[in-house]
Protein chains: 2
Amino acid sequence: MFSKACEYGIRAAVYVALQSLDGRRVSVNEIAEEIDSPIAFTAKILQQLSRSKVIHSVKGPTGGFELDRTEMDTVKLSMIVHAIDGDDIYIGCGLGLKECNANQPCPLHDKFVDIRTDLKNMLENTSLYELATGLEVGLTYLKR
Amino acid sequence: MFSKACEYGIRAAVYVALQSLDGRRVSVNEIAEEIDSPIAFTAKILQQLSRSKVIHSVKGPTGGFELDRTEMDTVKLSMIVHAIDGDDIYIGCGLGLKECNANQPCPLHDKFVDIRTDLKNMLENTSLYELATGLEVGLTYLKR
DNA sequence: CAAATAAAGGACATTTTTATCCTATTTATT
DNA sequence: AATAAATAGGATAAAAATGTCCTTTATTTG
């Protein structure tokens, strides 16, 4: 569904949000350790997220990644997916046709649109804050 | 969503079904031409589908690929996806966690399950016959 | 100011996916 | 039996995704 990069990206962003709830800024090393992902690859992804304004980065000692409380509400999963995987999930045809649309639909078009609309809505309505608080109260997990 | 191989596989299978409605057996070359896919790669995918009993292959002159009318009803998209992409779409965690399940869910688990259930149902309830007839009456398209 | 810390970024390596090419096998037709 | 047409399958190539390593840049602290 999502690329590996995107999976790591979401997990990383949720972890950053979780720690930011406590006012903690976190390093790439800590993030990779806590979400069980390859360090250097995770660093690249965090760069992307930072450039896309999904999370905030600070260089130097005591630096790291963080999000302020308002951003956690504003940042939806859709922004992360878009920053890393682009908009394939939203606009692409399920069967890979270039010119598939409502006027010239592929055999799967209508059925696919339904599912994708649900996915899109879910991503656009799910904030990092929501996911981070679920983790905080021990309802969900990020490792393994 | 699906791999390129799977996209080609579905398009190829639907085209085979469409032609089989008219009792026509089709060659790899014709299929690749009609669904606008790379010939040799498409041949490999057709081999997979043939080995998985999704379509029927016949060697030699006048040979090619075909499906009988009953098979078109029996063969669902889920079988094609399973034959080519395996069951990642069904069982994998949205965030790539190995041990994600209802007891130890990732932050996205519940929301993901809903969407995936819909996708699964769609794939399991959509037959090649249904897709082929849509093409036949000119409601849908396979190229571009 | 020097040293240490942490992200940014470039270059490269590995793995997986996608794609091609060539030979072998099967089979219909003459 | 010979030929030709078609799929099967092995070997390889190319491209994309994933992953690693090392240097640069920014910034805090002593």
Side-chain angles (χ1 to χ4, degrees), chain A residues 1-13 15-16 19-20 24-67 81 83-86 88-89 92 95-96, chain B residues 1-13 15-16 19 24-33 35-67 81 83-86 88-89 92 95-96:
Chain A
M1 184 79 87
F2 303 127
S3 67
K4 228 81 186 78
C6 194
E7 290 175 359
Y8 295 149
I10 295 173
R11 275 150 63 190
Y15 183 74
V16 170
Q19 295 306 319
S20 291
R24 292 192 63 234
R25 201 178 268 169
V26 287
S27 70
V28 172
N29 286 276
E30 176 178 339
I31 295 169
E33 167 71 24
E34 290 301 320
I35 70 171
D36 196 25
S37 66
I39 299 179
F41 192 45
T42 304
K44 298 290 187 196
I45 296 161
L46 288 165
Q47 274 179 46
Q48 280 187 268
L49 294 181
S50 173
R51 278 195 297 258
S52 314
K53 314 284 185 196
V54 167
I55 57 179
H56 198 216
S57 88
V58 179
K59 277 186 170 184
T62 78
F65 297 89
E66 64 186 358
L67 264 162
V81 173
I84 299 175
D85 281 351
D88 304 359
I89 286 200
L95 299 187
Chain B
M1 186 77 87
F2 302 128
S3 69
K4 226 82 188 75
C6 195
E7 290 175 358
Y8 296 149
I10 294 173
R11 276 150 61 191
Y15 182 75
V16 171
Q19 295 305 321
R24 292 192 63 235
R25 199 179 270 169
V26 286
S27 69
V28 172
N29 287 275
E30 176 179 339
I31 295 169
E33 167 71 23
I35 70 172
D36 195 27
S37 67
I39 299 179
F41 192 46
T42 304
K44 297 290 188 197
I45 296 161
L46 288 165
Q47 272 179 47
Q48 280 187 268
L49 294 181
S50 173
R51 277 195 297 259
S52 315
K53 314 284 184 194
V54 166
I55 59 178
H56 197 217
S57 88
V58 179
K59 279 185 168 185
T62 78
F65 297 89
E66 64 186 357
L67 264 161
V81 173
I84 299 175
D85 281 351
D88 304 0
I89 286 200
L95 299 187

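Basis for what follows: all heavy atoms, side chains included, without hydrogens, waters or symmetry-related copies. Here is how names work: the chains are called A, B, and so on, in the same order as the sequence lines, proteins then strands, and each is numbered from 1.
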A.B. asks: Please check the phosphate of D:dA8 (OP1 and OP2 only) for any side-chain N or O of B:R51 closer than 4.0 Å.
C.D. replies: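 For D:dA8, OP1/OP2 do not have a side-chain N/O of B:R51 under 4.0 Å.
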A.B. asks: Grab the NE2-C1' distance between B:H56 and D:dA6 for me, whole Å please.
C.D. replies: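 Going from B:H56 (NE2) to D:dA6 (C1'), I get 15 Å.
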A.B. asks: Just how far, in rounded Å, is C1' of C:dT17 from CD of B:E7?
C.D. replies: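 It is 13 Å, rounded to the nearest whole Å.
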A.B. asks: What protein N or O atoms touch nucleotides 11-18 of chain D N or O atoms at under 3.5 angstrom, if any, and at what distances?
C.D. replies:
{"residue": "D:dT18", "atom": "OP1", "partner": "A:K4", "partner atom": "N", "Å": "3.0"}

A.B. asks: Does B:R24 use its side chain to pair, donor to acceptor, with the backbone of B:Q19 at less than 3.5 Å?
C.D. replies: no
A.B. asks: Considering only D:dC21, C:dA28, C:dA7, which nucleotide approaches the side chain of A:A40 most closely?
C.D. replies: D:dC21
A.B. asks: Closest heavy-atom contact between B:I45 and B:G9?
C.D. replies: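 Closest approach of B:I45 to B:G9: CG2-CA, 3.6 Å.
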A.B. asks: Looking at OH of A:Y15 and CD1 of A:I35, how far apart are the two atoms once the value is rounded to the nearest 0.5 Å?
C.D. replies: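 Those atoms lie 10.0 Å apart.
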A.B. asks: How many whole angstroms separate atom CG of B:L46 from atom C1' of C:dT18?
C.D. replies: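 Interatomic distance, CG of B:L46 to C1' of C:dT18: 15 Å.
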A.B. asks: Picking from C:dT27, D:dA8, C:dA7, which would you name as closest to the side chain of B:Q47?
C.D. replies: D:dA8
A.B. asks: Does D:dT7 have OP1 or OP2 under 4.0 Å away from a side-chain N or O of B:S50?
C.D. replies: no
A.B. asks: In this structure, how many angstroms lie between the C1' atom of C:dT20 and the CD1 atom of B:I45, rounded?
C.D. replies: 13 Å
A.B. asks: If you compare every side-chain N and O of A:S57 against the phosphate oxygens of C:dA8 (OP1, OP2), does one of them come in below 4.0 Å?
C.D. replies: yes
A.B. asks: For the residue pair A:S20 and A:L67, what are the closest heavy atoms and their distance?
C.D. replies: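 Closest heavy-atom pair between A:S20 and A:L67: OG-N, 3.0 Å.
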A.B. asks: Looking at D:dA5, I'd like to know if its phosphate oxygens (OP1 or OP2) sit under 4.0 Å from a side-chain N or O belonging to B:S27.
C.D. replies: no
A.B. asks: Output the distance between atom CG (A:D36) and atom CD1 (A:I31), rounded to the nearest 0.5 Å.
C.D. replies: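 That separation rounds to 14.0 Å.
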A.B. asks: Could you give me the stems involving DNA chain D, meaning stretches of three or more consecutive Watson-Crick or G-U wobble pairs whose two defining distances are both below 3.5 Å?
C.D. replies: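 For DNA chain D the paired stretches long enough to count as stems (3 pairs minimum) are C:1-30 with D:1-30.
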A.B. asks: Could you state the interatomic distance from CG (A:L46) to OG (A:S37), rounded to the nearest 0.5 Å?
C.D. replies: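 Here the interatomic distance stands at 8.0 Å.
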A.B. asks: Could you tell me how far apart A:L49 (CG) and C:dG9 (P) are, to the nearest whole angstrom?
C.D. replies: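 Distance check: A:L49 CG to C:dG9 P gives 13 Å.
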A.B. asks: What is the distance, to the nearest angstrom, from the CD atom on B:Q48 to the C1' atom on D:dG9?
C.D. replies: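 Computing the B:Q48:CD to D:dG9:C1' distance gives 12 Å.
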A.B. asks: With heavy atoms under 4.0 Å as the rule, sort B:R25 into base, sugar-phosphate or nothing.
C.D. replies: nothing
A.B. asks: To the nearest Å, give me how far apart CD1 (A:I55) and C1' (C:dA8) are.
C.D. replies: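 Whole-Å distance recorded here is 13 Å.
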A.B. asks: Hey, is the main chain of A:C6 close enough, under 3.5 Å, to the side chain of A:D85 for a donor-acceptor pair?
C.D. replies: no
A.B. asks: Please evaluate residues A:Y8 and B:L95 with respect to the criterion side-chain contact (heavy atoms from CB on, under 4.5 Å), reporting the C-alpha separation (whole Å), side-chain torsions for both, the decisive distance (0.1 Å), and the verdict.
C.D. replies: CA-CA 7 Å; A:Y8 295 149; B:L95 299 187; over 6 Å; no
A.B. asks: Rounding to a whole Å, what distance do you find between B:K59:NZ and C:dA24:C1'?
C.D. replies: 8 Å
A.B. asks: With a 4.0 Å cut-off on N to O distance, would you call A:R25 and A:E30 a salt bridge?
C.D. replies: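 Salt bridge: no.
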A.B. asks: On DNA chain D, check which nucleotide each of B:T62 and A:T62 is closest to and give me the residue with the more 5' one.
C.D. replies: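 The 5'-side residue here is B:T62.
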A.B. asks: Do any side-chain atoms of residues 54-61 of chain A form donor-acceptor pairs under 3.5 angstrom with protein atoms, and if so which ones, sequence neighbours left out?
C.D. replies:
none

